[in-house]
Every structure is written in structure tokens, then in C-alpha cells.
Amino acid sequence: MATQLATAMADLDESKVQELVQAGLAQGLSPAALLDDCRSGMTLIGQRFESGEYFLSDLIMAGEIFKTAAATLAATAGGASGPGKGRVVLGTVKGDIHDIGKDIVVTMLRGAGYEVEDLGVDVPLAKFVERVQATGAQVVGLSGLLTISFDPMKETVAALKAAGLATKVMIGGGPITESVRAYVGADALGRDAQEAVALCNGWITAPEVA
Amino acid sequence: MMDEMTPRERIEAAIRCEKPDRVPMVPMMDFFCARQKGVTLEKFINDNDLGRELMLQIFDGYGGWDALFQSTTLNEFAFALTLPMRLKVPGRELPEDAVWQFEEIPVLDIEDYDVAVAQGYQALCARIFPRIRPHWQPQQFPELLNQWLGQAVKDTLICEARGLHSFTGVAISPPFDFFSMGRSLKEFTFDLYRRPEKVLAAMDAITPGLIETAIGGQMGMRQATQYGYMTNFIGATREAATFISPKVFEKYAWPFIKRIALALLDAGITPLFHFDSNWGPMLEFFKDLPKGKCVLELDGATDIFKAKAVLAGHMCLMGDVPASLLTLGTPEDVCNYVRKLCEVVGDGGGYILSTGCDTPVDAKPENVRAMLDAGREHGSYRH
């Protein structure tokens, strides 16, 4: 049974979410529990997106409401941050400055409980390698909207392998198809943010039994 | 085999949803021409005469098709007329041979919705210009506009002199796209949730100015040349189902698209809906427009075969050889896809073969050739 807060989050009711977060804190509820409610709301949002009820604009709004709520909770004494479900490094590859799709994936992954390092746009391959080494990320996400992003993606995948990193690589973006995934050598392609979350869940939260 | 129709007759028959002698071909192709001829994109966008000549050389080198998608190569100024966004260009912010890219940052404030309501489209554009092109002085605008219009007339005349029509030219963005670009996708999305009435009022307020710009520009071309452009370009992405629900579309986007299209039709101009991203759930709306009068151009993200099922006999479809197929596919893949397009989308007429949006700069030349060869081979209606 979803809490009122989770429901308000899922319904994208911005003012109600803010109200309920404040009220919850005033009642002495723990920030971590309130954040969990927001995340439950994000899970419902993901499901509504998958079922075709919600569209990308709804995910963008969800990200905004979630971000504000999470910031309020993090600023509260004690904070809301616990250990994440896993670490993901994400960025738009070298030569491409498009960030809309990437930003939504970042938000949905954070909403799902992952620690995400967003490297921004036009990211050189060395940066991906360096950040994966530094953070121990289990998953790398490469984004690109232009066909010219295919080669930088391929080179980044090769560089991660050459550095001996066993991280999984997912790619996404407008022109990305299965043949692009094969060309790039990525482990998987995510057609939307919800698929990206599902991929991470599969790799990190519920890893295959050997 | 001899053609029975002229390119103009062929294209016009397809627009009427009739069956021409064969499927007309109008691929969108610009940066690809520069890359194939070894010219940097910086040179290509800054020298329109050179750009036109390179497009014509590629046209000839690939055996030609039915009309140039556009006869004037786009430049930084042309984009400023249609897309309220900052632009990174090759040779300045980007390497000299890089494709330009738009910056998704707000150039319009919330108060600009009120400006739109109070003063209309032209006044809003005057405010936007220095924000998106800070390296130009606002007083340069009339001179830049005259240069651009002069270039467009010159290119159209040069192409017409060799019997080659310009498929499209004058371009506008519908109000939803316009404000989404100006505010940035994120901020505009928040606006739709937080101040929907303000957004709606502003979109309503700029529509007459957009129509005036579209019709004025097209009529200017017709007066200056014998033919002008065959269609008027209406470019949209952000009101597709990739981004918004059909419900939001119905309230915030479609009324304005429809109003603009009907106004163009009243003026005797064919609207070309250059609609990128996925429009699948929105296809039914296009039945509101008169039969055989408009073109819906898709980029591969909409299922064009489904579009055919919905709009057959009602609206001419155009597209949609996908960018990734032209870049990474084989000539055989391309040929198979074009054959399917001709057989299914071309069935009964009402179809123009084209690339899904632009031919990518890094398309394989053998794939571009395969697309055109397959169009000639499988596009015939004389069985």
C-alpha cells in the first residue's frame, strides 16, 4: 500500500509532495523513511511510463519533484543518504552535447536508489575510465543523439576493456539500435530511462547466479 | 525506362495521394555533400554558393532525383529565424569539420510569455535574437535578413534554370516547439505543469505572427522566382509522443499546428510537416486536415508503416530511411528497407521516398547510392 507521499509523488503533485515531506519531518519521521516513500513513488512512475500512461515530460517533472524532495531531506539533520544500491557512471560521449535523455536516465536511476556520477556532455573516453576506476562503478552509461557518437562510444568501450575494467556498459540515445549496440560493443542498449533502470537492476541488484 | 511525368507532376500527384508514374525521391542531403567532396563543414555553412554547388555535384554524381530538398544551405542566420536556441558552429565553438549542435539552455524567461501576449511574435523574436546570437549586433539583423533572402532567391533561380525544383525553404516552428526550444525542454515542461494557462496564452499570441512569417516568406519567394518552393517547412519534435502524451498534444500543440496548416492551405501553400521523433499515437489527429493537401515527413522514429495504415489516401507520407541504417547498414540492408517502403508505404500512391530527417554526414556513400537505386528500381507504379 503506497503511502500518501508515494502517491503524491506518483501523481506528480509537486506542492503536495513538498507539503508531506515538511509535515513528515515535523512529525519526526526519519528522512531516510521519507526518501524511501519518494522512491516508491518513482517506482510507480516508472511503471506508469512502461504501461504508456506517462510520457517523457512526466518523467522530467518527476525528476524535478524528486530532486527537490531529496535535497530537502538531505539538508535535514542526519540526512537521508544511506548506501546506494550500486554505482553508475553516466555521460554523453565525446563530440556530442545532448543531455536531455541522459539527464532523465540519471534522475530515474537516482530515484531507483543508485549512486550516479553524471559526467555531463562531450565526455572524453579517458574521463570515463578514470571515474570508473575512482568510483568502482558497476555500470557505465554512454549517451548520444548523433550518428557521430557511435565511434566515440566504441572507443570508450574499448578503453574500459583495455583498462581491465569489468564494468557493464549500456548505451542509449535517439539513433541507437541493436546494430549500433553490436558495432559499439556495449553489453546492452536501453531504449528509455525505465529500461536503463531495469538493466542496472539486472546487473547489480539481482545479479545472475553463477 | 522513360519517365512519363515531370518531377513536379510526380511530386504533386504524390501530395494529392494519387499514384504517379513512380515514387518521387527527395532526400534531404547537405553536410553529407561537403564531406563527400572533402570540404569542411565550416566552409560549407559559411559559403552558400559553394554549398549549393556541392549539393548539385552530389545530385549529378548520384544520378539525380526529383527535387533538391532545399537549394540553399542552412547557416547560422537561417537557424536564428526559426529556432530560438544558441548554436555551436564548426570553426568557432567546434572543430572545423564538426556538425553543429544546439545548446539546450533557456534563452526565454517566464516574463517572455507575457511579452508574447502583449506584443506578439515579431517583438519576441527581436528580444531573442541578441540572446541567441550574442556575437552579432541587433542592428545587423535587416542586412543579414536581406543577404539571406537574396541568397535564397539566387539559389532557387540557379536550380530552376537547370530544371531542378526546391522542395522546401521557408521554415517555421509551431508554438509548442518554439517555446520548448526557447525555454529549454526541462523548463518548458515545468511551465506546462506550473503555469499552463500562461503558456497557452503565449502560444496563441504568437501563432498569427508565425503564419504571417510563413506566408510572407513563401509569397516573397514566389514573386521573386517563377515557382518558389513546393512546400513550406513546419518542423517539430518536442510535441511528439517521444515527449508528451496525446492528451497534452491535443490541448497544447495540435490546435496551433492545425491553425497554421489551414492558414497556409488558404494561401495556396502546401504544409510539409517535418516531424521528427515518434508521432505514432498522434497520427489520428492528422485526419482533421483536408485530404491530399499536406505532407507528413517522418524520421524513422515513427512507425511509417503504421502511419500508412492510418493515413492512406488522406495524407502524403515522406521518409524515412533511418540515419543509423545509412551509417552502419550495408547496401543490401538499405535496398531491402527501401523496397519495403516503396511496396508498403508507396502502395496506391501518396508517398515520397526520402531520408529519415537528414542524410547523416558520415553516411556510407554506397548506402546513399543503394537508397536511390532501390527507389528507382522498386518505386515504379507501372507493373
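Reckoned from all heavy atoms, side chains included, excluding hydrogens, waters and symmetry mates. Quick caveat: nothing in here was measured; it's all calculated off a predicted structure. Here is the naming used below: chain letters follow the sequence lines, and residue numbers restart at 1 for every chain.
With 3.5 Å as the limit, one finds a donor-acceptor pair spanning the side chains of B:Tyr193 and A:Asp58.
Interface remark: A:Ile97 contributes backbone and side-chain atoms alike to the contact with chain B (heavy atom separation under 4.5 Å). Residue contact with chain B, scored on non-hydrogen atoms closer than 4.5 Å, involves the side chain of A:Asp103 exclusively. In this structure, chain A has heavy atoms under 4.5 Å from both the backbone and the side chain of B:Ala323. When heavy atoms are compared at a cutoff of 4.5 Å, B:Val248 does not approach chain A at all. Using a 4.5 Å cut-off between heavy atoms, B:Ala241 contacts chain A through both its backbone and its side chain. Of the atoms belonging to A:Leu146, it is side-chain heavy atoms, and not backbone ones, that fall under 4.5 Å from chain B. Contact annotation for A:Thr177: only side-chain heavy atoms (C-beta onward) come within less than 4.5 Å of a heavy atom of chain B. Of the two parts of B:Gln101, the backbone and the side chain both hold a non-hydrogen atom closer than 4.5 Å to a non-hydrogen atom of chain A.
Residues B:Arg194 and A:Met61 form a side-chain contact, since some pair of their non-hydrogen atoms from C-beta on lies under 4.5 Å apart. Using a 4.5 Å heavy-atom cutoff, the side chains of B:Asp362 and A:Phe150 are not in contact. Proximity of A:Tyr54 to B:Ser245: side-chain heavy atoms (C-beta onward) are nowhere separated by under 4.5 Å.
A:Phe55 and B:Pro246 get closest at one heavy-atom pair: CZ-CD, 3.4 Å. The minimum heavy-atom distance linking A:Pro175 with B:Ser324 is given by the pair O-CB, 3.6 Å.
Among the residues in residues 180-194 of chain A, those with a non-hydrogen atom closer than 4.5 angstrom to a non-hydrogen atom of chain B are A:Val180, A:Tyr183. Against chain A, the residues from residues 177-188 of chain B that qualify, each with a non-hydrogen atom under 4.5 angstrom away, are B:Leu185, B:Lys186 in number order.
A distance-only check finds a donor-acceptor pair linking the side chain of A:Ser57 to the backbone of B:Phe243 [under 3.5 Å].
The most heavy-atom pairs under 4.5 Å with chain A, out of B:Leu328, B:Thr327, B:Thr189, B:Asp299, come from B:Leu328.
Residue B:Glu332 qualifies as open at atom CD: its count of foreign heavy atoms under 6.0 Å is 12 or below. Residue B:Glu93 qualifies as enclosed at atom CD: its count of foreign heavy atoms under 6.0 Å is above 12. Few gaps surround NZ on B:Lys364; more than 12 heavy atoms of other groups in view lie less than 6.0 Å from it.
Between atom CG of residue A:Leu145 and atom CZ of residue B:Phe102 there is a gap of 12.0 Å, rounded to the nearest 0.5 Å.
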| field | CA sep, side-chain torsions, deciding dist, call: B:Lys247, A:Glu53, salt bridge (charged side-chain N to carboxylate O under 4.0 Å, His left out) | value | CA-CA 10 Å; B:Lys247 226 168 101 185; A:Glu53 182 186 343; over 6 Å; no
